[in-house]
Amino acid sequence: MLKGFILKGIAGKYTVRTNKGDLTCEITGKIKYDNDRPIVGDFVLIELINEEEKRGMINEILPRKTELHRPKVSNVSQAVIVFALKNPDPHLNLLDRMITFAEYTGLKTVICFNKADIVTDEMIKEYREIYEKVGYSVIVTSVKEEKGKEELIEVLKNEITVLAGPSGAGKSSLLNMIQPNLKLRTGEISKKIKRGKHTTRHTELISLNKGGWVVDTPGFANLDVSFIDENRLGEYFKEINDCRHLCKFNNCMHLNEPKCAVKEKLKTKEMARSRYESYVLMLNEIRESRRF
Ligand code: GDP
Ligand code: ZN
């Protein structure tokens with residue numbers, strides 16, 4: 001039995017990378033009657049049906065380390081969250097939401113601030129500090145000036161990465177910068193033209209020349225966080241998780257309780273105000289959704 005890695009799946013036919021090359025595979029009856037169909041990113045066991053025609057049968061799906069639903073892909077190890085420093089202005093609540101979502105899913109998270117060519121160094125420093133203080137790796141890039149290229153290549157090596165971030169942040173441009181042969185479309189208008197009526201989106205894994213894999217569809221499109229348990233939200237904020245055991249009440253929600261270690265961190269500026277505001281906003285949203 002061969003081991004393989006699913007790169008693409010369209011209408012029951014899967015492209016699977018193996019040490020005998022890329023095979024086109026279908027699934028065996030055994031899997032068909034299970035509810036669990038293979039998805040892109042799955043590691044699978046394959047029976048080679050015809051080596052010349054590069055055909056195989058998928059017999060078994062190996063356990064998934066992670067699973068995303070939009071896009072549907074498994075075994076993603078890392079989220080690189082891309083935000084423009086300007087055009088559009090960074091929406092920090094949205095960024096914190098994406099980080100929370102990545103933490104919840106169990107992904108390693110790296111933040112990429114793009115379009116460094118159109119802002120001042122002070123501004124870059126300000127954003128960088130908020131997230132480095134929390135403990136995240138931050139890379140600053142500019143596609144225009146080819147800045148941060150080597151750093152980005154390094155970050156993507158040895159990982160299966162989903163790029164997240166608002167449209168217009170520069171996700172496609174960054175991938176084109178590190179791998180020009182990809183020729184991904186950039187800019188809103190040209191993407192809209194491509195997304196015509198008859199082009200169905202299929203998720204695919206892109207193999208990077210310098211190592212690593214990237215999901216070709218941006219992740220975390222749906223940023224509803226109301227499925228998160230309000231008592232666990234703090235665990236997904238590293239700087240809250242680090243000190244919540246020091247709060248006077250062990251069920252402290254870090255709102256108005258006395259002797260709250262998180263509020264203390266806020267006072268001493270050890271925790272950024274914007275991060276705390278994101279926490280409160282998300283907590284309220286979760287509570288609001290439970291009311292109905
Ligand atoms: P995506 O929606 O996140 O994939 O963003 P795109 O890659 O399509 O980029 C959106 C727009 O921003 C395009 O017009 C790009 O040319 C532009 N852009 C991307 N990166 C940079 C950058 O580093 N600097 C500047 N000035 N513009 C950029
Ligand atoms: Zn507290």
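Bear in mind that the values here come from a model prediction, so they are computed numbers and not experimental data. As the structure lists them, so they are numbered: ligands from 1, and atoms in each ligand from 1.
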K.L.:
For atom 17 (C) of ligand 1, tell me which residue out of Met177, Arg185, Lys115, Lys147 has the closest non-hydrogen atom.
P.N.:
Lys115
K.L.:
Would you give the angle at the Zn ion (ligand 2) between Cys252 atom SG and His254 atom ND1, to the nearest 10°?
P.N.:
100°
K.L.:
Where the Zn ion (ligand 2) is the corner point, what angle links SG of Cys247 with SG of Cys260, to 10°?
P.N.:
110°
K.L.:
Determine the interplanar angle of the Tyr104 and Phe227 rings, folded into 0 to 90°, and report it as parallel if under 30°, tilted if 30 to 60°, perpendicular if over 60°.
P.N.:
perpendicular
K.L.:
So, is Ser173 polar-close to ligand 1, with some N/O to N/O distance under 3.5 Å?
P.N.:
yes
K.L.:
Tell me whether Lys8 forms a cation-pi arrangement with Tyr14, defined as NZ or CZ under 6.0 Å from the six-membered ring centre and within 45 degrees of its axis.
P.N.:
no
K.L.:
Do Phe83 and Phe113 have ring centres separated by under 6.0 Å?
P.N.:
no
K.L.:
Checking side-chain polar atoms at under 3.5 Å, does Ser77 have a donor or acceptor matched by the opposite partner on Glu159?
P.N.:
yes
K.L.:
Looking at ligand 1, would Gly168 count as a contact under a 4.0 Å heavy-atom criterion?
P.N.:
yes
K.L.:
Report yes if some heavy atom in the side chain of Ser74 is under 4.5 Å from a heavy atom in the side chain of Thr66; otherwise report no.
P.N.:
no
K.L.:
Under 4.0 Å from a heavy atom of Thr186: which atoms of ligand 1 are those, numbered in the order shown and with their elements?
P.N.:
7 (O), 8 (O)
K.L.:
For ligand 1, which atoms sit closer than 4.0 Å to a heavy atom of Ser142?
P.N.:
23 (O)
K.L.:
Just to be sure I'm reading this right: ignoring hydrogens, which of Asp117, Val143, Ile118 gets closest to atom 26 (N) of ligand 1? Compare them by their nearest heavy atoms.
P.N.:
Asp117
K.L.:
If you take the nearest heavy atom of each of Asn114, Asn176, Leu184, which one is closest to atom 20 (N) of ligand 1?
P.N.:
Asn114
K.L.:
Any chance the side chains of Tyr236 and Asp96 put a donor and an acceptor closer than 3.5 Å?
P.N.:
no
K.L.:
Could you work out, for atom 8 (O) of ligand 1, the closest of Ser172, Ser167, Gly187, Pro218 by heavy-atom distance?
P.N.:
Gly187
K.L.:
Is atom CG of Asn50 surrounded by more than 12 heavy atoms (other residues, nucleotides or ligands) closer than 6.0 Å?
P.N.:
yes
